[in-house]
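Okay, so here's the structure we're looking at.
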Amino acid sequence: MLSAESAAIVRATLPVVGASLDAITARFYETMFSERPELLDGLFNRGNQANGEQRRALAGSIASFATMLLDHPDERPDALLARIAHKHTAVGVTDDQYVIVHKYLFGAIAQVLGEAVTAEVAAAWDEVYWLMAGALIALEARIYAEAGACDGDTWQRWRVVARRDETPDTVSFLLRPAGDAPVPPARPGQYVSVRVRMPDGVHQLRQYTLSNAGEDGLRRITVKRVDGDPAGEVSTLLHATVRPGDELTLSAPFGEVTLEDGDAPLLLVSAGIGCTPMVAMLDHLVTTGSRRRVLVLHADRSPAEHALREDMLRPAAERIFWYESGAAAPDREGLMNLDGIEIPDGAVAYLCGPVPFMRDVRAQLIRAGVAARDIHYEVFGPDLWLGAN
């Protein structure tokens, strides 16, 4: 809980700090990476640094956390914190790194805001930071413990036993553990980090949903090639170089948006490569013999560009596909439109795809009677939707 004195100062300064967060986070990353370049080797995603997504996600999370502390002083924003904690554990964030971030973040605040940062203002925002950091450290410790990890070390080697080209720009890799270490369990909907050494010697991480995690110990990731450098440098490298017999370094599975047990009807809603967690959920439902009603809704550019299409044609589910071109009955043409679609009463929805798509579909689902609390979403990369829903 934020102290009354700090709450008053944060409330008064939030408009100024919020308006300057983009400049603050830009200065923060610039200074930190200049003085600590090793952090870009195997921890921070330089693609997200280049396109500004990490900076915007950090600014949004700070503003959202501070706002929630003020609006709900007796509650901890666990939903926001859990999402961040899972992203952090997927890349191996450790407690000591919060001290490093604090140093450079507050240095950036002082540089950008200048004399407006009095001792009282700095102390109030320092309290906000350590409330957020302390909560994240505790959550991350619990997540690491559940994964059987120590100090963020969840990495294991996996051998590629098969490669399947799904579409011209999407490939699946079937993986088997390369060693004898225990394999942490995976829940349908979770993702892993893949750590690779780039041609310049720097390690980079990317997160990929487990599109299948069978009881036989095999796991599958499905990777869409992202054009552009450095945003797509890892996916391009995986597509170009990885073949059966090669080994990859994977983290334990993370992510809090997972399929929950129950009897409520399910809506699995996706676009593009956002189908990967839905395929994992479908596979789990089939494997466990679930009798839940399942409605699969997916949008893509064309049938030829629809990765894992055959995996989504499970007899255990009803399905409607939308394609911007090349649609043939019973598929529909155009963007996803839920008008006239029978949405089951009491349905629980899982969404994955581009953020604009999820915003639009979430609004359509709420208009159709789905409770906001029953709509869950997953974002690939930094979550630019934090606090917005």
Side-chain angles (χ1 to χ4, degrees), residues 40-51 53-54 87 90-92 154-179 183 186 189-214 217-255 270-280 300-301 304-311 352-354 378-382:
L40 275 173
D41 186 3
L43 183 62
F44 284 92
N45 178 327
R46 60 187 179 186
N48 291 334
Q49 296 299 322
N51 62 26
E53 287 190 1
Q54 188 65 59
K87 298 288 186 182
V91 300
T154 72
W155 303 101
Q156 292 186 10
R157 298 290 290 174
W158 290 71
R159 183 169 290 108
V160 179
V161 297
R163 169 185 171 132
R164 185 175 80 184
D165 292 327
E166 306 287 353
T167 71
D169 63 358
T170 307
V171 63
S172 288
F173 299 104
L174 191 64
L175 307 163
R176 184 187 301 279
V183 175
Q190 289 191 304
Y191 50 81
V192 295
S193 288
V194 177
R195 182 173 65 187
V196 298
R197 183 188 293 274
M198 303 308 298
D200 62 1
V202 173
H203 292 88
Q204 283 289 280
L205 310 178
R206 295 295 186 272
Q207 286 73 51
Y208 299 106
T209 300
L210 291 170
S211 55
N212 184 279
L218 294 176
R219 288 180 176 170
R220 182 179 68 181
I221 58 172
T222 301
V223 179
K224 181 180 176 65
R225 187 179 64 247
V226 178
D227 294 326
D229 183 24
E233 60 179 344
V234 172
S235 64
T236 299
L237 182 72
L238 294 175
H239 272 248
T241 65
V242 176
R243 297 292 183 272
D246 293 338
E247 291 188 1
L248 294 174
T249 301
L250 270 62
S251 73
F254 296 104
S270 57
I273 198 59
C275 65
T276 50
M278 308 312 164
V279 167
D300 227 308
R301 293 185 176 178
E305 295 171 277
H306 181 173
L308 302 173
R309 174 182 162 92
E310 294 303 315
D311 296 66
C352 191
E378 183 58 274
V379 174
F380 296 145

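Counting begins at 1 with the first residue of the sequence.
- Pairing each heavy atom of V183 with each of P177, the nearest pair is CG2-CG, 3.5 Å.
- Inter-residue side-chain proximity for Q207 and V91 is flagged as met; some heavy-atom pair is nearer than 4.5 Å.
- Taking the charged nitrogens against the carboxylate oxygens, R164 and D311 do have a contact shorter than 4.0 Å, which makes a salt bridge.
- Taking the centre and axis of the six-membered ring of W155, the NZ or CZ atom of R195 falls inside the cone set by 45° and 6.0 Å.
- The two residues A307 and C275 make their nearest non-hydrogen contact at O-SG, 3.4 Å.
- S193 is not listed as a side-chain neighbour of F254, based on a closest heavy-atom distance of 4.5 Å or more.
- Between R225 and P168, the shortest heavy-atom distance links the atoms NH1-O, 3.5 Å.
- Distance alone, capped at 3.5 Å, is enough to place a donor-acceptor pair between the R163 side chain and the H239 backbone.
- A donor-acceptor pair is defined here as one N or O able to donate and one able to accept, closer than 3.5 Å; no such pair exists between the side chain of Q156 and the backbone of L250.
- In this structure a side-chain-to-backbone donor-acceptor pair under 3.5 Å is present from Q204 to F44.
- If you take CG on D300 and CZ on R309, they are separated by 10.0 Å, rounding to the nearest 0.5 Å.
- With sequence neighbours excluded, the residues that form a side chain to side chain donor-acceptor pair (under 3.5 Å) with R157 are E247, T249.
- The closest side-chain heavy-atom distance from Y208 to V234 is below 4.5 Å.
- Under the side-chain contact (heavy atoms from CB on, under 4.5 Å) criterion, V160 pairs with F173, L175, V242, L248, not counting sequence neighbours.
- Side chain of D169 to backbone of K224: no donor-acceptor contact under 3.5 angstrom is found.
- A donor-acceptor contact shorter than 3.5 Å links the side chain of S235 to the backbone of V226.
- Of the options T170, N212, V279, a side-chain contact (heavy atoms from CB on, under 4.5 Å) to L308 is made by V279 and by none of the others.
- Taking all atoms of both residues into account, the shortest heavy-atom contact from A280 to G189 is CB-N, 4.2 Å.
- Distance check: Q49 CD to Q54 CD gives 5.5 Å after rounding to the nearest 0.5 Å.
- A donor atom on one side chain and an acceptor atom on the other are found under 3.5 Å apart for R220 and S211.
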**Message:** side chain to side chain contact (heavy atoms under 4.5 Å, CB included) for V171 and L238? Distances and angles first, verdict last.
**Reply:** CA-CA 9 Å; V171 63; L238 294 175; 6.0 Å; no

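- Applying the side-chain contact (heavy atoms from CB on, under 4.5 Å) criterion to D200, with sequence neighbours excluded, gives R46, M198, V202.
- A heavy-atom distance below 4.5 Å is not found between the side chains of R206 and V194.
- Summarising the geometry of S251 relative to T154, their closest heavy-atom pair is CB-OG1, 3.4 Å, with the distance given to 0.1 Å.
- Scanning both residues, E378 and Y191, for their nearest heavy atoms gives OE2-CE2, 3.7 Å.
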